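Please read all numbers here as calculations on a predicted model, not as lab measurements. Start at 1 and go down the list; that is how both ligands and their atoms are numbered.
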Amino acid sequence: MRAPTSRSLFRKPLPGLILAAMLGTGALVAWPALERHFLIRAAMRDEATLRLVTEVLRGALSRTEALPALIAERPILARVLRAPDATGLIPFANEQLRLTALSLDVSDIYLMDRQGDTLAASSYRAERSFIGQNFAYRPYFTDAIGTGVGRFHALGTTSGERGYYFAAPVLDGTEILGAVAVKITLDQFEDAWAQSDSTVAVYDTSNVVFLSDRADWRFRSIGPVSELAIERIAQTRQYPLDAVSALPLRRVPLADGLTRATLDGDGGRESFVLQEGLIAAAGWRVAVLTPAGPATAQAAAALALAGLIVLLGALVAAFFGQRRARLLERLEAQRSQHALLESRVRDRTRDLDDANRRLRAEVEERRAAEARLRRTQAELVQAGKLAALGQMSAALSHEFNQPLGAVKSYAENALTFLDRGRMAEARDNVGRISRMADRMATISQHLRNFARRPKDHVGPVPLRAVVEDAVEIMQARLARSGVTLRGPDWPDAPVWAMGGRVRLQQVLVNLLANALDAMADDPAPAINLVLEATEDTLALRVRDHGPGLGDGDLPQVFDPFFTTKDPGRGLGLGLSISYNIVRDFGGTLTAANAEGGGAVFTVTLRRAAPQAQETAAE
Ligand code: ADP
């Protein structure tokens, strides 16, 4: 089979267009779900990042939380607060705080009196020391004084660093003398976050981003900032208010706990999947923003792959479809060929049936014709016999007239001899008359036989007697033509053949007559009769020395009315009748040319068992 080419697959442009349209529509429909799937997968990978960020921050905060209360218990601090002017106390406290900050790895530790003024600080050596600064405006201070626990995150007004502040009151008994604050910085976390592709943003209840690995996001709002919040920020100097501006971040829900965030920044549009965690103690939300780009690319690749697979599937389907179509076509062709063949066979069968019918009709006709022929032949046998009789009568009347004339003259002679008393001569003449009469009686006997219509009976007949009778009938003609008749050599035992005596005689007479006719011009005519006997058959040959049968005549000599004789001399019925007679006996009559010239007719008869006497008289 010819391999289908891509041209043949898309011979018609329509299926290709439809396929393209279907693929396009499929891609459009499938794209959002596919992209969403890949985005969610990407976000799920960043779930661990979120957890880590949250835990690390929470850990850092909780580790520091208890420190101010512990530090506040140092007696030196209470002493400083009671007597801030006492010599040597503050430097000592400063150094104490510095060492403590170093050992605790915190940014700052400082001591404030009840008014919020900083008396001692770990950063006492630094250029911009906290000492002398008043932090009464910071909530951690007021909370520490008011409720015993203070915590706050803000941009340090002195240091310019972002920090988380924990504060605890310094007590003397139940009296609150002041407060100790511990500040930790958080910049180091941002450095760690910057390592990953994702962006981390930590924002507070005001929606202002406090920490982020992206510096340009810091102090920008990730959601709406309420008036109250702005007021509080201003009051507590938490952030530089002029820096607080909204990030152009649009958020659309993507899945449970996930939003699709789009940032239209200066560097163009950025797309993320945003997930959030909560650090309740700090009032912070941690947002991890996974870049959507790789996930989108993956989705596009998957879609392209699916498209390719569908295309390939379509190609394979088209290939098999074509193959199937061709197979169906072939089957159809075979079916129609089969049908054609069947219809031809039907036609032929019909023709054959017709031919058969015609043949049967013809056979019927032939049978009828044969029956007619048989009837006609039977009649002709009789007619032929009558014709032969007529011929014979003519011949015989001649034969009779001659002896009658002789008888008359012998009688007259006898009378004359009697008158003259010459008795011996008279006796001789009377004897001649008697013999003549005998002969004429014999001939007339045969004529009677001929005149009778023979029965169809077939039985054993003594062949020798029949032959001799026939010769006897022909005797006059044989004698007249001076023919020499030889044979046959009869065996000692009498031979009996199956036949009818008179009809067989008639056949033989006819054969002898034909032989004589054939040798009419022969000066020394001769007829040979030969008998050939086998166990079952007797064949009698009548052979003449005439001109024989012409090659063209041989096949038709047995046809009725075939004659080469002059009109009036031959009817062409003799052999035809003879043939049928012999056939009726169950024998055959054949004609041939003898070697050395002349015709030979062979009558073959079935041999019969020797009989005591002839039973079948006709
Ligand atoms: P008919 O003798 O009336 O012609 P037959 O049927 O007896 O009819 O013979 C048919 C023809 O067969 C004859 O006309 C003759 O031509 C041919 N025929 C028959 N016997 C002989 C024979 N012995 N020799 C040559 N021709 C013969």
Side-chain angles (χ1 to χ4, degrees), residues 373-374 376-396 446 450 454 466-467 470-471 473-478 480-488 502-531 539-585 587-604:
L373 198 70
R374 276 179 179 283
T376 315
Q377 275 179 348
E379 281 159 15
L380 282 174
V381 169
Q382 183 62 9
K385 209 190 272 181
L386 288 175
L389 179 67
Q391 276 182 343
M392 246 182 291
S393 305
L396 284 170
H446 288 307
F450 259 102
V466 178
V467 173
V471 172
I473 291 168
M474 292 300 291
Q475 190 57 53
R477 266 197 77 184
L478 290 169
R480 206 168 43 248
S481 38
V483 76
T484 316
L485 185 69
R486 293 192 206 102
V502 177
R503 282 174 289 169
L504 187 53
Q505 239 171 46
Q506 189 182 344
V507 171
L508 294 175
V509 164
N510 188 44
L511 293 181
L512 289 171
N514 278 347
L516 287 179
D517 286 346
M519 297 184 294
D521 302 329
D522 199 331
I527 296 176
N528 293 3
L529 296 179
V530 179
L531 179 75
L540 185 69
R541 298 190 198 287
V542 181
R543 190 234 161 132
D544 62 52
H545 292 80
L549 299 156
D551 278 349
D553 300 344
L554 200 54
Q556 10 178 12
V557 286
F558 296 113
D559 290 350
F561 302 108
F562 172 78
T563 180
T564 55
K565 293 171 189 170
D566 297 336
R569 286 192 56 81
L571 283 171
L573 285 173
L575 282 180
S576 158
I577 293 167
S578 301
Y579 181 90
N580 284 302
I581 288 172
V582 177
R583 205 185 58 180
D584 286 347
F585 295 160
T588 55
L589 174 59
T590 57
N593 282 316
E595 266 181 53
V600 54
F601 286 83
T602 307
V603 182
T604 308

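Without hydrogens or angle criteria, D544 side chain to G598 main chain gives no donor-acceptor distance under 3.5 Å.
Interface atoms of ligand 1 facing T563, defined by a heavy-atom separation under 4.0 Å, are 1 (P), 4 (O), 14 (O). With ligand atoms numbered from 1 in the order given, ligand 1 contributes 10 (C), 11 (C) to contacts under 4.0 Å with heavy atoms of F562. Interface atoms of ligand 1 facing D544, defined by a heavy-atom separation under 4.0 Å, are 22 (C), 23 (N), 24 (N). In the vicinity of A599, heavy-atom distances shorter than 4.0 Å reach the ligand 1 atoms 22 (C), 23 (N), 24 (N).
Checked against a 3.5 angstrom limit, the closest N/O atoms of S576 and ligand 1 fall outside it. Looking at ligand 1, you'll find an N or O of K565 within less than 3.5 Å of one of its N or O atoms.
Nearest-residue assignment for atom 25 (C) of ligand 1 (options S578, G548, A591, A513; heavy-atom criterion): G548.
At a 4.0 Å cut-off, at least one heavy atom of F601 sits close enough to ligand 1 to count as contact.
Each of I473, V471, N514 was scored for a side chain to side chain contact (heavy atoms under 4.5 Å, CB included) with V509, with one residue passing: I473.
When heavy-atom distances to ligand 1 are checked against a 4.0 Å cut-off, T564 comes that close through both its backbone and its side chain. When heavy-atom distances to ligand 1 are checked against a 4.0 Å cut-off, L549 comes that close only through its side chain, counted from C-beta outward.
The aromatic rings of Y579 and F558 lie tilted to each other, with the angle between the two planes from 30° to 60°.
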